[in-house]
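Notes to accompany the following structure.
The shown structure was predicted, so the numbers you read here are calculated from the model rather than taken from an experiment.
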Amino acid sequence: MTLKVKEDSFFSYTWNIEQKPKILERLADRYPYPKAVQRNLAAAPDAAWELDDYVAQVVDKLMQQRASVLIVGASGVGKSAVLRQAFRKLASFSKKTEKEQSFWRIQAQRFTATSKYLGEWQETAEELVFELQTMNGILWIENIVRLLREGGKGAEDSVAAYLLPFIQQGKLQLAGEVTPQELESMRRLLPGFVESMQIVELPELPERSLTVVLEKFSSHVLQAHKISITQDALNTSTRLLRRFYPYESFPGKSIRFLGECVSEAIFNKTNEVHRQDVLSQFIRRTGLPELFLRDDLLLDQVALRSYFNEKIIGQTAATDKLTDIIKVYKAGLNNPQKPITTLLFAGPTGVGKTAAAQALAQYFFGLGQKTSPLIRIDMSEYQHPSQITRFLGTGTDPGKLVQQVRERPFAVLLLDEAEKATPEIFDSFLTVLDEGMLVDAFGRVTNFRNCIIILTSNLGASNRPSIGYGNRMPDDETYRSAISGFFRPEFVNRIDQVVIFQPLGQESIRLIARKELEEVKAREGFAKLNLKIVFSERTEEYIAKVGFHEKYGARPLQRAVEDVVVKVLAKWLLANPTIENKTIKLDIDENGVTNIQVN
């Protein structure tokens with residue numbers, strides 16, 4: 001039998017009903033998947049525990065009312081699980097009836113992925129709709145909100161807009177899932193698309209139901225993998241996820257995290273997941289030290305102070321404020337609905353602002369992550385309003401900020417030289433400081449609630465001393481006044497603390513020189529030859545003298561170490577290739593004359 005399509009169609013084509021659905025099989029996957037495939041997809045079973053009422057609602061709307069359905073709920077509440085269970089039930093019903101249905105799952109971007117010429121994706125969409133009609137099919141679209149940004153420049157000429165008449169006429173039946181933010185963006189961009197579908201709202205599970213779900217998951221893991229999850233491990237994972245992942249919902253975040261723990265146990269060939277396994281997995285995922293994850297570990301304030309004093313030299317007031325942040329976080333008293341804290345580091349250049357950000361990043365998030373926990377963005381690259389899209393992103397592509405925070409949600413975000421950026425960037429940043437979230441035009445959320453946001457600024461540092469006061473340096477009030485005069489009040493009011501860094505004294509410069517020289521000793525070239533390097537006091541003094549600049553602070557000091565020490569030692573080692581297992585002492589007098597002795 002051959003069918004020809006003409007009516008209500010821009011394209012005319014023929015298709016034999018005995019043929020396989022070529023467009024569907026090329027772009028979509030038949031659902032439910034075979035059992036062998038399902039077993040390999042995830043550690044968790046394909047179940048919708050404690051969500052039977054919502055599954056029944058979806059089945060009724062799809063089967064009895066022949067409506068398109070949109071499940072709305074926060075990330076992790078079980079939207080996908082409900083759809084999977086509903087489609088399995090529909091498939092089971094279909095086998096028992098004379099009118100067989102088919103069910104297909106497709107990614108939104110597949111509609112346009114293979115299109116090469118104008119009008120091709122529209123033709124593909126029509127053929128797909130026709131095949132679905134012929135096969136009595138229902139289409140589950142993954143990431144359905146993406147339909148509004150595929151196919152054209154805006155939502156009005158997108159794939160979603162093109163499919164809308166088919167949905168309204170009952171020729172196409174869809175199912176999808178969105179978050180509340182995505183639903184709001186869809187209503188704003190293409191209201192008719194949302195109105196053509198029936199909505200099922202899915203709330204987060206109550207505590208009692210969550211307990212049941214975790215028990216069922218634990219039983220499944222024991223039966224399927226012969227791995228038991230202790231009750232202490234379950235309780236610990238729930239506590240950690242509730243505190244450190246407040247922007248995701250149960251049970252999804254629990255199932256995903258415990259699935260990672262189970263996979264680790266399978267890899268390590270162990271038959272039990274303990275509390276310590278949960279803590280170790282959480283450290284690997286976030287970089288947070290065990291100190292923050294365990295209430296029974298007390299904060300050693302002496303060790304804390306020592307850590308920051310070693311990393312940040314000559315900035316006692318700044319160190320006090322940074323240690324206070326850690327004390328608040330350890331006590332669990334930070335606001336979970338905002339970034340961990342938002343700081344503005346003010347002061348002259350080369351006094352340790354970047355070093356302080358690095359130290360804070362390493363202390364908070366430096367244990368488990370494979371990449372650096374410091375996200376550093378030079379704001380001088382965004383001086384024109386047209387560059388905001390490169391910073392935040394467009395409707396389709398994320399900008400540098402969004403991309404990096406999505407990749408590293410547990411991090412210190414350092415916005416360097418903030419005053420050089422266009423003011424429009426900070427207007428768009430107000431929501432981040434207020435709510436710890438950034439929502440784009442399509443409802444996609446980038447979460448900053450596990451970030452420490454630090455802005456650095458030299459505002460106030462260039463102010464010249466008043467006549468009659470000699471060489472008096474700017475005081476704290478000078479910096480604060482300059483900051484308040486430059487940034488808008490609503491932006492300044494959202495900054496938790498302004499941290500003032502003072503100019504460095506001569507002794508601080510000497511200590512920084514010593515620190516830089518100590519780091520040179522640990523370099524690979526010396527280690528592989530088993531050479532012990534000793535620097536004289538005169539070397540420290542010389543580096544401190546030539547490496548300090550009144551305008552640039554200690555910033556030139558690293559360059560001085562490379563030029564005066566590292567290059568000299570490199571030349572000497574190349575000239576003496578047989579030197580091993582020795583002590584090398586380097587001395588530089590006040591005139592820069594270098595002397596190297598071997599012991």
Side-chain angles (χ1 to χ4, degrees), residues 306-315 348-363 366-367 369-376 378 380 414 416-417 456 501 503-599:
S306 176
Y307 170 86
F308 280 101
N309 282 342
E310 289 177 5
K311 303 289 184 181
I312 311 166
I313 295 172
Q315 302 293 346
T349 187
V351 295
K353 299 191 292 294
T354 301
Q358 291 171 336
L360 201 58
Q362 199 62 34
Y363 191 93
L367 284 186
Q369 301 192 73
K370 295 179 181 178
T371 55
S372 170
L374 179 69
I375 300 172
R376 185 172 182 265
D378 185 355
S380 65
L414 177 63
D416 220 357
E417 297 187 293
T456 69
F501 285 72
L504 295 171
Q506 192 62 42
E507 182 58 30
S508 296
I509 297 295
R510 171 79 177 268
L511 292 173
I512 294 172
R514 180 179 301 169
K515 175 175 173 289
E516 293 293 334
L517 291 172
E518 287 296 320
E519 292 176 0
V520 168
K521 294 179 182 180
R523 295 195 181 182
E524 181 184 359
F526 300 132
K528 68 182 181 181
L529 296 175
N530 195 27
L531 296 177
K532 180 182 179 182
I533 310 300
V534 178
F535 297 110
S536 67
E537 288 190 13
R538 290 201 305 179
T539 300
E540 290 180 8
E541 292 172 358
Y542 183 80
I543 293 295
K545 181 178 71 174
V546 302
F548 176 74
H549 191 283
E550 288 187 3
K551 183 177 180 180
Y552 300 112
R555 196 172 294 278
L557 198 142
Q558 289 181 328
R559 187 163 56 248
V561 170
E562 295 295 322
D563 291 341
V564 177
V565 173
V566 175
K567 290 180 181 178
V568 170
L569 286 172
K571 292 177 182 178
W572 187 86
L573 286 176
L574 292 174
N576 298 272
T578 60
I579 296 294
E580 292 184 40
N581 305 311
K582 300 290 184 178
T583 297
I584 309 298
K585 183 176 181 180
L586 185 142
D587 179 59
I588 304 177
D589 65 19
E590 64 274 8
N591 298 315
V593 178
T594 303
N595 179 39
I596 296 177
Q597 296 179 354
V598 181
N599 295 321

Q) Checking side chain to side chain contact (heavy atoms under 4.5 Å, CB included) for the pair K585/N595: CA distance, chi angles, key distance, verdict? A) CA-CA 8 Å; K585 183 176 181 180; N595 179 39; over 6 Å; no

Do you know the tightest heavy-atom contact between [X] and [Y]?
| X | Y | result |
| --- | --- | --- |
| A361 | P373 | O-CG, 3.6 Å |
| A560 | G547 | CB-CA, 3.9 Å |
| A513 | L557 | CA-CD2, 3.8 Å |
| V351 | P503 | CG1-CA, 4.1 Å |
| A355 | K311 | CB-O, 4.3 Å |
| N309 | I313 | O-CG1, 4.0 Å |

Q. Should the heavy atoms of other residues, nucleotides or ligands under 6.0 Å from NZ of K532 be counted, would the total exceed 12?
A.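 Not more than 12 within 6.0 Å, no.
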
(Q) Is it true that, when you exclude Q558 itself, more than 12 heavy atoms of the residues, nucleotides or ligands shown sit nearer than 6.0 Å to its CD? (A)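 No - once you tally the heavy atoms of other residues, nucleotides and ligands closer than 6.0 Å, there are 12 at most.
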
Q) Which side-chain hydrogen bond (donor to acceptor under 3.5 Å, both in side chains) pairs, counting each pair once, include a residue from residues 565-580, with sequence neighbours left out? A)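 Qualifying pairs: D563-K567.
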
Q. Can you list every pair that meets side-chain hydrogen bond (donor to acceptor under 3.5 Å, both in side chains) and has a residue in residues 534-546, with sequence neighbours left out?
A.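 Output for this query lists R510-E540, R514-E540, S536-T539, S536-D587, R538-D587.
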
Measure the [atom1]-[atom2] distance between [X] and [Y] for me, rounded to the nearest 0.5 Å.
| X | Y | atom1 | atom2 | value |
| --- | --- | --- | --- | --- |
| F526 | L569 | CZ | CG | 4.5 Å |
| L586 | I533 | CG | CD1 | 8.5 Å |
| L511 | E516 | CG | CD | 12.0 Å |

Are any of the side-chain heavy atoms of [X] and [Y] separated by less than 4.5 Å?
| X | Y | answer |
| --- | --- | --- |
| I584 | I579 | yes |
| L360 | F308 | yes |
| Q315 | L504 | yes |
| V566 | R523 | yes |
| V561 | E519 | no |

Q. Under the side-chain hydrogen bond (donor to acceptor under 3.5 Å, both in side chains) test, which residues partner D378, sequence neighbours left out?
A.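 For D378 the side-chain hydrogen bond (donor to acceptor under 3.5 Å, both in side chains) partners, ignoring immediate neighbours, are S380.
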
Q.
Less than 4.0 angstrom from a charged side-chain N to a carboxylate O is my criterion; do E562 and R559 meet it?
A.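 Between R559 and E562 there is no salt bridge, as every charged N stays at least 4.0 Å from the carboxylate O atoms.
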
**Q.** Test applied, side-chain contact (heavy atoms from CB on, under 4.5 Å); reference residue, N581; option that passes from N530, L531, L529
**A.**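 Filter result, single survivor: N530.
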
(Q) The test is side chain to side chain contact (heavy atoms under 4.5 Å, CB included); show your working for F535 and I543 and say whether it passes. (A) CA-CA 11 Å; F535 297 110; I543 293 295; over 6 Å; no

